[in-house]
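Accompanying notes for the structure given below.
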Amino acid sequence: MLNDEDRRTIAELERRIHLTDPDFAARMTGGPAAEVPFPMVAVLCAALFILVPPAMLLFGWPGLIVVVDLFLLGITVVLVRRHLRR
């Protein structure tokens, strides 16, 4: 538990950080949940790994080409959206 003097010291440090480096202060107030994106690329890779054998068995090479094209489209959309958010 912090005493009153420690709380005042921390408040003063926070105030100085907000004044000297507002970008850093804004990143730190976002919280850890805001910094961790959903692992969509990993999900798409897992979906590709799961869908390739059934697509190949059921539809042959054309089915495999369609699955890989959809995978590449999904990866492209995810990467473009991440780039535009920055």
Side-chain angles (χ1 to χ4, degrees):
M1 193 102 201
L2 298 175
N3 61 23
D4 291 336
E5 185 170 333
D6 291 338
R7 287 190 187 122
R8 282 192 295 271
T9 303
I10 290 174
E12 178 64 23
L13 287 171
E14 288 176 355
R15 187 184 67 76
R16 287 183 188 175
I17 288 173
H18 281 284
L19 291 175
T20 58
D21 195 358
D23 293 333
F24 175 75
R27 286 193 312 264
M28 291 299 111
T29 57
E35 296 174 10
V36 179
F38 184 76
M40 185 56 78
V41 173
V43 170
L44 288 173
C45 289
L48 178 69
F49 181 76
I50 292 169
L51 291 176
V52 163
M56 190 68 183
L57 286 172
L58 294 175
F59 305 109
W61 287 106
L64 180 65
I65 291 171
V66 169
V67 168
V68 171
D69 284 345
L70 290 174
F71 168 76
L72 292 174
L73 176 68
I75 291 290
T76 303
V77 168
V78 168
L79 294 178
V80 167
R81 288 183 66 199
R82 284 185 185 175
H83 180 71
L84 292 177
R85 286 184 188 169
R86 290 182 184 176

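The structure presented is a predicted model; accordingly, all values stated were derived computationally and were not measured. These values consider heavy atoms only, across backbone and side chains, with no hydrogens, waters or symmetry-generated copies.
- In this structure, CG on Leu58 lies 12.0 Å from CG on Leu64, to the nearest 0.5 angstrom.
- The two atoms that bring Phe38 and Arg82 nearest to each other are O-NH2, 3.5 Å, heavy atoms only.
- Nearest approach of Gly63 to Ala55, heavy atoms of both residues: O-CB, 4.0 Å.
- Grouping the Ile, Leu, Val, Met, Phe, Trp and Tyr side chains by contacts below 4.5 angstrom, directly or via other members, places Ile10 apart from Phe24.
- Using a 4.5 Å cut-off on side-chain heavy atoms (C-beta onward), Pro54 and Phe59 make no contact.
- The hydrophobic cluster containing Val68 also contains Leu44, counting ILVMFWY residues as joined when their side-chain heavy atoms lie under 4.5 angstrom apart, directly or transitively.
- Across every non-hydrogen atom of Leu51 and Val67, the tightest pair is CB-CG1, 4.1 Å.
- Rounded to the nearest 0.5 Å, atoms CG (Leu84) and CG (Leu79) are 11.0 Å apart.
- Proximity of Glu5 to Arg8: side-chain heavy atoms (C-beta onward) are separated by under 4.5 Å at one or more points.
- Following chains of ILVMFWY side-chain contacts shorter than 4.5 Å, one can reach Leu48 starting from Ile75, so the two form part of one hydrophobic cluster.
- The cluster map of Ile, Leu, Val, Met, Phe, Trp and Tyr, joined by side-chain heavy atoms under 4.5 Å apart, puts Val80 and Phe71 in different clusters.
- Considering OG1 of Thr20 and CZ of Arg15, their distance stands at 10.0 Å, rounded to 0.5 Å.
- A continuous path of hydrophobic side-chain contacts links Val78 to Val43 [ILVMFWY only; heavy atoms under 4.5 Å].
- The number of heavy atoms from other shown groups lying within 6.0 Å of CZ (Arg81) does not exceed 12.
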